[in-house]
Every structure is written in structure tokens, then in C-alpha cells.
Q: 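Can you keep this structure in mind? I'll have questions shortly.
Naming: A, B, ... by sequence-line order, numbering from 1 per chain.
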Amino acid sequence: MNKLIVILGPTSSGKTDLSVKLAKKFKGEVVSADSRQVYKGMDVGSGKVTKKEMAGIPHYLLDVASTRQRFSVAQYQKLAMKAIKKIQTNNKIPFVVGGTGFYIQSITDGVVVPEVKPDWRLREKLEKMTVVEMFEKLKKLDPKRAESIDQKNPRRLVRALEIVLKTGKAVPSLGKNQNKKFEILEIGIIKSRTELKNRIHLRLVKRLKNNLMVKEIEKLHKILSWKRLEEFGLEYRFVAQYLQGKITYQEMMDKIEIESIQYVKRQETWFKRDNRIKWVKNYIEAEKLIKKFI
RNA sequence: GCCGAGGUAGCUCAGUGGUAGAGCACUGCUCUGAAAAAGCAGUGGUCGAAGGUCCGAUUCCUUUCCUCGGCA
């Protein structure tokens with residue numbers, strides 16, 4: 001059976017370092033699972049591995065999309081599965097590494113997302129409705145989905161309506177079957193909140209040094225609107241706000257740190273639901289787990 | 001020293017004679033092609049201190065301490 005190793009953890013937990021070391025030791029190659037690192041030109045702000053840090057280990061799913069387009073889980077799943085197969089045929093072990101829980105789940109659970117491509121014009125129209133109106137509409141068109149949906153979340157409502165309106169059929173129920181194609185080991189990096197806080201702070205200072213990150217975002221703005229840049233969140237959102245004069249430099253720094261920690265919490269909440277994850281503190285513990293697994 | 005403004009949740013502030021709210025922070029949670037996104041819920045205050053009036057004061061009065069402006 002084909003083996004697959006997942007290395008996950010909250011932002012700033014040290015996934016890159018650990019995964020490169022492990023990949024070297026166990027003849028592995030890395031498949032990134034990061035919703036921002038897929039974009040070309042988002043390097044400093046997304047904490048993308050540098051060529052040097054890769055230390056010769058091939059990395060997939062980096063720079064596979066243009067920031068002008070919107071990437072999605074469905075695309076991720078397809079590309080990542082392809083990369084995984086390729087790695088396995090080369091008799092190497094794929095290491096899926098990242099912090100985007102939804103992307104990871106698309107591999108480990110093999111979730112089948114409904115085959116309905118986003119229709120941005122339709123979404124724009126739908127978004128003009130209030131959530132109450134959207135929910136009422138969904139209740140009529142797809143009462144079953146309406147039962148389980150988050151009634152106050154416009155994104156979810158828009159997507160559900162999009163599926164129903166485009167296909168004329170109800171949203172298929174989610175079959176959460178484990179991916180049977182692989183034998184999977186999921187390793188999570190555990191770090192205390194205070195340590196993550198420190199690391200996030202130091203990382204931010206480093207990224208701000210020499211204006212590296214600000215320059216990167218100014219460059220991105222040449223082809224992207226501020227609005228679009230703000231959609232990317234965290235460093236991209238607040239540096240964009242700073243460059244527009246909406247907030248001060250200090251406010252920008254504070255905001256990035258606060259929201260990064262909030263992001264950590266959201267990631268932890270997501271990972272908590274997956275009890276396959278084996279939590280480790282360091283390289284040694286991870287190495288032990290993999291030795292047993294192989 | 002005098003005059004004025006203010007002291008209410010971790011922060012910024014609203015408010016009322018019948019023991020208090022908001023936003024943000026904080027904590028927990030959700031997640032069907034935007035997921036660093038988008039949502040939901042919850043905790044939290046002896047209302048600066050001490051007296052007084054009142055059935056009752058955070059709200060009115062007095063004193064006091066502190067902060068910020070202006071004048072000396």
C-alpha cells in the first residue's frame with residue numbers, strides 16, 4: 001500500500017524545517033498544503049520556503065497559481081493528488097506539509113467537492129441578498145442542505161445556492177470516507193501559545209526588515225487591487241491597509257500579530273477534530289513515528 | 001495654586017435614580033470549488049475612594065485621590 005505522511009501544525013510552528021529534515025532522512029518529497037503559497041509572487045508574506053531551505057528536496061504545489069485568479073480546494077486536490085502519484089511512482093515518500101486544514105482534508109479524507117465551478121457573476125448577484133433571504137431561498141430549493149447549513153454565513157449560502165441553481169439538483173451529502181488509496185501517518189507539531197506568539201513576533205520583525213515584505217506587496221499591487229490584496233488576509237491585508245494610509249505602521253504590526261494568533265486558534269480548532277493526528281514536540285519524536293510507520 | 005474636562009469590562013468609550021452596555025481584545029466552536037477566507041457562541045465590571053440625601057445611587061450633593069488641557 002502506498003504510504004503518505006502529513007506534517008501539519010499552526011502557523012509558525014516550524015513545519016518547513018521539520019519537513020525538509022524528515023524528507024531528507026526518509027527519501028521523501030514535499031507537497032505543500034498552503035492556500036497562500038500556491039500563488040506566484042506571494043513569498044515573504046506567506047513564508048514560502050526558499051530554494052536554499054529546500055536543500056535539494058523537491059517541493060510541489062508552490063507557485064502553481066496566479067494571484068489574478070482564485071485558487072480553490074478542488075484545484076488543490078487535483079494537483080496535489082497528481083504530485084503524490086508522481087512521487088510514489090518514483091519510489092519516494094510524499095510528505096504533505098502545511099497548515100491549511102481544508103486542503104489537507106481534501107487529501108486525507110478524499111472529500112469529493114461538488115463538481116460545480118464557481119460562477120463569480122452569479123455569486124455577485126446572490127451576495128446582494130440578505131442572509132435571511134438567501135436562507136429562505138435555499139430552504140425552498142434544497143431543504144435538506146438548509147437543515148445543516150450555517151444560516152448566517154453568506155459564503156456558505158452563496159455556494160449552496162450556486163450548486164442548486166447551476167445543476168437544478170440538491171447539494172450532494174458529504175461522504176466523509178477516509179482515503180483508501182493510501183496508508184496515512186499524520187504528524188502534528190505542538191507548541192504552546194506563548195511560544196507561537198514569540199515566534200510570530202520574531203518572524204514578523206524579520207519579514208519587515210529591509211522592507212522586504214512591504215516591497216513585495218507594493219509589487220503585487222501593480223497588478224492587483226487593494227481590495228483583492230486585503231482578501232488574502234494577515235500580512236497581505238494589513239500591509240495593504242498600511243500602504244493605503246488606512247492604519248499606521250504600528251497598527252499594522254499589532255494587527256498582524258493579533259490576527260496571526262487568532263488564526264493559530266482556528267487552525268487548532270480544525271485539527272482537534274482529526275483524531276488520527278499524532279502530536280509531536282520535536283524532530284526526534286517525529287522520526288520515531290515515521291520509523292514505525294515505514 | 002486657580003479654572004475647565006474626565007475617571008464605568010484588558011483597551012476605546014456609551015449610558016441610566018431601581019445594582020450596567022457597545023466595539024475591539026480574550027475563550028470556545030462551525031466549516032460541501034474564496035479556507036491566512038467567511039461565520040457563530042461565550043466569559044468578563046464591588047461603574048476611582050469615602051461620606052451624605054433617598055425606600056433605593058454607578059447615576060444627585062460634599063470631600064478626597066488620580067489623569068489630561070488652559071492660566072499662573
Q: Taking only the side-chain heavy atoms of A:Arg36 (C-beta and beyond), determine which of B:G28, B:U32, B:A37 contains the nearest atom.
A: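 The nucleotide sitting nearest to the side chain is B:A37.
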Q: Whole-Å distance between B:U30 C1' and A:Tyr263 OH?
A: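 So the two atoms are 16 Å apart, to the nearest Å.
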Q: Give the rounded distance in Å between these two atoms: CD1 of A:Ile258 and P of B:G23.
A: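 Distance, rounded to whole Å: 17 Å.
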Q: Is there a side-chain contact between A:Met42 and A:Gln37 (heavy atoms, below 4.5 Å)?
A: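 Contact flag for A:Met42/A:Gln37 side chains = no.
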Q: Is any N or O donor-acceptor pair between the side chain of A:Gln267 and the base of B:A37 shorter than 3.5 Å?
A: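 Between B:A37 and A:Gln267, which were checked side chain against base, a qualifying N/O pair under 3.5 Å is absent.
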Q: Between A:Glu162 and A:Lys197, name the one whose nearest nucleotide on RNA chain B is closer to the 5' end.
A: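 Per heavy-atom nearest nucleotide, the more 5' residue is A:Lys197.
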Q: Quick check: any donor-acceptor pair below 3.5 Å linking the side-chain of A:Arg156 to the base of B:A37?
A: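 Side chain to base: pair present.
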Q: Taking any heavy-atom pair under 4.0 Å as a contact, classify A:Lys272: base, sugar-phosphate, or nothing.
A: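 The answer is sugar-phosphate, as A:Lys272 gets under 4.0 Å only of primed atoms, P, OP1 or OP2.
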Q: Describe the nucleic acid contact of A:Val73 in one word from base, sugar-phosphate, nothing, applying a heavy-atom distance below 4.0 Å.
A: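 It contacts sugar-phosphate atoms only.
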Q: At under 4.0 Å between heavy atoms, what does A:Arg193 touch on the DNA or RNA strands: base, sugar-phosphate, or nothing?
A: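 It contacts sugar-phosphate atoms only.
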Q: Looking at B:G33, I'd like to know if its phosphate oxygens (OP1 or OP2) sit under 4.0 Å from a side-chain N or O belonging to A:Arg70.
A: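 No.
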Q: What interatomic distance, in whole Å, is found between P of B:G10 and the corresponding atom of B:U46?
A: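 So the two P atoms sit 8 Å from each other.
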Q: Which nucleotide in the set B:A37, B:A25, B:G33 lies at the smallest distance from any side-chain heavy atom of A:Arg237?
A: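 Between B:A37, B:A25, B:G33, the one nearest the side chain of A:Arg237 would be B:A37.
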Q: Quick one: is A:Lys152 getting a side-chain N or O under 4.0 Å of the B:A41 phosphate, OP1 or OP2?
A: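 Yes, such a contact exists.
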Q: With hydrogens left out and only the distance checked, is there a donor-acceptor pair under 3.5 Å joining A:Arg155's side chain and the base of B:A35?
A: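 Answer no: no donor N or O sits under 3.5 Å from an acceptor.
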Q: Is there a donor-acceptor contact under 3.5 Å linking the side chains of A:Glu259 and A:Tyr263?
A: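 No.
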Q: Which nucleotide in the set B:A34, B:U32, B:G33 lies at the smallest distance from any side-chain heavy atom of A:Ser148?
A: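 Out of B:A34, B:U32, B:G33, the nucleotide with an atom closest to A:Ser148's side chain is B:U32.
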Q: Mark yes or no: A:Lys3 above the aromatic ring of A:Phe293, with NZ or CZ under 6.0 Å from the six-membered ring centre and no more than 45 degrees from the axis.
A: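 Cation-pi check for A:Lys3 and A:Phe293: passes.
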Q: In whole angstrom, give the distance that lies between atom CD of A:Gln262 and atom P of B:A35.
A: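 Going from CD in A:Gln262 over to P in B:A35 covers 19 Å.
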Q: Under 4.0 Å, heavy atoms only, any strand: does A:Val131 hit a base, just the sugar-phosphate, or nothing?
A: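 It contacts nothing in the nucleic acid.
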Q: Which nucleotide sits closest to the side chain of A:Pro154: B:G33, B:A38, B:C29?
A: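 Among the listed nucleotides, the one closest to the side chain of A:Pro154 is B:A38.
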Q: With heavy atoms under 4.0 Å as the rule, sort A:Glu127 into base, sugar-phosphate or nothing.
A: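 Base contact.
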Q: Hey, are A:Tyr60 and A:Glu29 close enough side-chain-wise for a donor-acceptor pair under 3.5 Å?
A: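 Result is yes, a qualifying pair exists.
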Q: Can a donor-acceptor pair be found between the side chains of A:Arg203 and A:Thr11 at a distance below 3.5 Å?
A: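 Checked: A:Arg203/A:Thr11 side chains pair up, N/O donor to acceptor below 3.5 Å.
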Q: Between B:C24 and B:A38, how far is it from one P atom to the other, in whole Å?
A: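 The same atom, P, in both gives a distance of 13 Å.
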Q: Testing the 3.5 Å rule here: is there a donor-acceptor pair between the side chains of A:Gln77 and A:Gln105?
A: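 Distance-only check fails for A:Gln77 and A:Gln105.
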Q: For A:Tyr76, report the nucleic acid contact type (base, sugar-phosphate, nothing); a contact means any heavy atom under 4.0 Å.
A: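 Since no nucleic acid heavy atom lies under 4.0 Å of A:Tyr76, the category is nothing.
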Q: For a quick check of understanding: with a heavy-atom distance under 4.0 Å over all strands, which category does A:Ser46 fall into, base, sugar-phosphate or nothing?
A: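 Base: the residue A:Ser46, judged by heavy atoms under 4.0 Å, touches a nucleobase.
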Q: Looking at A:Phe232 versus A:Tyr39, is the centre-to-centre ring distance below 6.0 Å?
A: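 Yes, the ring centres sit under 6.0 Å apart.
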Q: So what does A:Gly45 hit on the nucleic acid, given a heavy-atom distance under 4.0 Å: a base, only sugar-phosphate, or nothing?
A: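 Touches a base.
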Q: What is the distance, rounded to the nearest whole Å, between atom CD of A:Glu259 and atom C1' of B:G39?
A: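 About 14 Å, once rounded to whole Å.
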Q: Please check the phosphate of B:C29 (OP1 and OP2 only) for any side-chain N or O of A:Thr269 closer than 4.0 Å.
A: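 Result: yes.
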Q: Take atom OH of A:Tyr236 and atom C1' of B:A34, then tell me their distance rounded to the nearest Å.
A: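 It works out to 17 Å between those atoms.
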Q: Counting the atoms with a prime plus P, OP1 and OP2 as sugar-phosphate, which does A:Gln77 contact under 4.0 Å by heavy atoms, base, sugar-phosphate, or nothing?
A: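 Nothing: the residue A:Gln77, judged by heavy atoms under 4.0 Å, touches no strand.
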Q: Using a heavy-atom cut-off of under 4.0 Å over every strand shown, decide if A:Lys117 touches base, sugar-phosphate, or nothing.
A: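 Since a base atom lies under 4.0 Å of A:Lys117, the category is base.
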Q: Taking the side chain of A:Arg266 as its heavy atoms from C-beta onward, which of B:A37, B:G33, B:G39 lies nearest to it?
A: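 For A:Arg266, the side-chain atoms sit closest to B:A37.
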Q: Distance check needed: B:A35 C1' versus A:Arg159 CZ, whole Å only.
A: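 Those two atoms, CZ and C1', are 13 Å apart.
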Q: Let's see if you can work this out: which of B:G33, B:G39, B:G28 has an atom nearest to the side-chain heavy atoms of A:Asp150?
A: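 That would be B:G39.
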Q: Let me know, please, whether A:Gly99 or A:Gln75 comes out on the 5' side of the other along RNA chain B by nearest nucleotide.
A: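 Taking each residue's closest nucleotide, the earlier one in sequence belongs to A:Gln75.
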Q: In whole Å, I'd like the distance from the CD atom of A:Gln151 to the C1' atom of B:C29.
A: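 Roughly 16 Å, once rounded to whole Å.
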Q: Find out whether A:Ile84 and A:Asn2 are in side-chain contact, i.e. whether some heavy atom of one side chain is under 4.5 Å from a heavy atom of the other.
A: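 The answer is no, as the side chains (C-beta and beyond) never meet within the 4.5 Å cut-off.
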Q: Let's test your reading of the pairing rules: Watson-Crick or G-U wobble, both distances under 3.5 Å, then write RNA chain B as a dot-bracket string with ( ), [ ], | and dots.
A: (((((((..((((.......)))).(((((.......))))).....(((((.......)))))))))))).
Q: Measure the distance from CE on A:Met42 to P on B:A35 and round it to the nearest whole Å.
A: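 From A:Met42 CE to B:A35 P: 10 Å.
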Q: Taking all atoms of both residues into account, what is the closest heavy-atom pair of A:Leu229 and A:Tyr236, and its distance?
A: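 Shortest heavy-atom contact: O-CB, 3.6 Å.
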Q: Do we get A:Arg237 above A:Trp226's six-membered ring, with its NZ or CZ under 6.0 Å from the centre and within 45° of the axis?
A: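 So A:Arg237 doesn't make the cation-pi contact.
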